[in-house]
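Worksheet: the structure to be examined is printed underneath.
Owing to the predicted nature of the structure, the values given are computational and were not obtained by experimental measurement.
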Amino acid sequence: MKAMRILGISYVLIFLSNVVFGNILYAKDSDPNETEMCVTPNDLKTNVQAQQKAKNEDEGKKVVQEALNAYNETLKAIDFLDHGQKDKALDALAQAVGKLDILVASFPQIAYFPINSQVKTLNIAADLDSIKRQRGQVESLVKNGYLQQARRILDYFASEIRITSVNLPMATYPVAIKAAAKLIEENKLQEAKDSLAATLSTVVITENSIPIPVINSQFLIKQASQITGTTTPDKLSKDKKSQVLDLLNRANKELEIAEELGYGKRDSEFAQLNKDINEIEGKVTNNEESLNFFDKLKVRLENFKNRISI
């Protein structure tokens, strides 16, 4: 899910000063029956953390250093103007303009260049039944016009890896910097400073989210397929078969949680994924070959996650 907005300079500066990725974990870390599971809640948490770290590294690689440098030069120019250093302010803006002109010339089709990102995990502390009840409460509140009460619940109604990026808008940012430089040359220093402050606030914030229940479902299905692949269907022990069926059932529950939380907008593919998992459960129960079905399910689930994460 993607959102885009323009925020004030003070928020952006706070954002840029933060650690690049962090966690907001609303869910409990462990389960009393954890030791009885072949895949524990802690295993799921560790997998999510690994994916969060990988996503953070990916986002870090997307940062365009020249764009970030241009942003920092703009900050320097404001500081120089605060100290009445007109020439140094002009030099800083010249540096910024030069970097931006190179980017525009090299990548004319790109509208935004990322200069920073933040990756964090939000995970609601509720089981499927509780989530259904909370969803019903939200829908009732909205229906009856209690929007602020509904919003307070929705603030915590998420289970996702959330990626927030700060981007320079190339259609407006370079033009605004050049206009501010002209004001400085005309000795209109306060106007130039106000203009630069306004320009900094036009950075665009984008948000993407990857649903954790879908990540969990993928992990559980992967573990189930690995157990199934250790031997032929007719030689799979009763205990191993029970583990596989439990993992598949939990994978299905995770998808139900994703659906109740609104990821995919009650997507029809949830029903197809449920059907696929039930079909594999039948294959395992009847000692039939299931690995090809697992492979198809993995591909379908990965495509589904990518589609609803945008």
Chi angles and distances behind the salt bridge (charged side-chain N to carboxylate O under 4.0 Å, His left out) call for R151, D155: CA-CA 6 Å; R151 180 182 61 80; D155 282 344; 3.6 Å; yes

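- Closest non-hydrogen pair, L103 versus A67, comes out as CD1-N, 3.7 Å.
- Taking each heavy atom of S159 and N123 in turn, the nearest pair found is OG-OD1, 2.7 Å.
- For the pair L261 and P211, the minimum side-chain heavy-atom distance is 4.5 Å or more.
- For the residue pair T46 / D43, no side-chain donor-acceptor distance below 3.5 Å is found, with atom types taken as modelled.
- Rounded to the nearest 0.5 angstrom, D239 CG and K241 NZ are separated by 11.5 Å.
- For K182, the NZ atom is loosely surrounded, since the number of other residues' heavy atoms within 6.0 Å does not exceed 12.
- For D246 (side chain) and S242 (main-chain N/O), no donor-acceptor pair under 3.5 Å exists by modelled atom type.
- Taking the six-membered ring where tryptophan is involved, the planes of F270 and F304 are perpendicular, since the angle between them exceeds 60° and thus also 30°.
- Of the possible donor and acceptor atoms, none in the side chain of E288 sits under 3.5 Å from a partner among the backbone N and O of S290.
- Closest approach of A251 to S217, counting heavy atoms only: O-OG, 3.2 Å.
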Working for side chain to side chain contact (heavy atoms under 4.5 Å, CB included), residues F293 and D276: CA-CA 8 Å; F293 292 88; D276 291 347; over 6 Å; no

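- Salt-bridge annotation for K143 and E139: absent, with no side-chain N of the basic residue lying under 4.0 Å from a carboxylate O of the acidic one.
- The structure places CG of L245 at 4.5 Å from OG1 of T285, a figure rounded to the nearest 0.5 Å.
- Here the closest non-hydrogen pair linking S195 and L183 is CB-CD1, 4.2 Å.
- You'll find the side chain of R250 reaches within 4.5 Å of the side chain of V39, heavy atoms only.
- Checking side-chain atoms of N167 against main-chain N and O of V204 turns up a donor-acceptor pair under 3.5 Å.
- Tested against L100, the residues Q95, M170, K178 include a single side chain to side chain contact (heavy atoms under 4.5 Å, CB included) partner, M170.
- Put simply, the side chain of T230 never gets that close to the backbone of Q226: no donor and acceptor are under 3.5 Å apart.
- Residue I161 comes nearest to Q52 through the heavy atom pair CD1-N, 3.9 Å, listed as atom of the first residue, atom of the second, then distance.
- Using a distance-only test at 3.5 Å, with no hydrogens or angles considered, no donor-acceptor pair links the side chain of S140 to the main chain of G136.
- The NZ atom of K253 sits 15.0 Å away from atom CG of N216, with the distance rounded to the nearest 0.5 Å.
- K62 has a carboxylate O that lies under 4.0 Å from a charged side-chain N of E59, or vice versa, which qualifies the two as a salt bridge.
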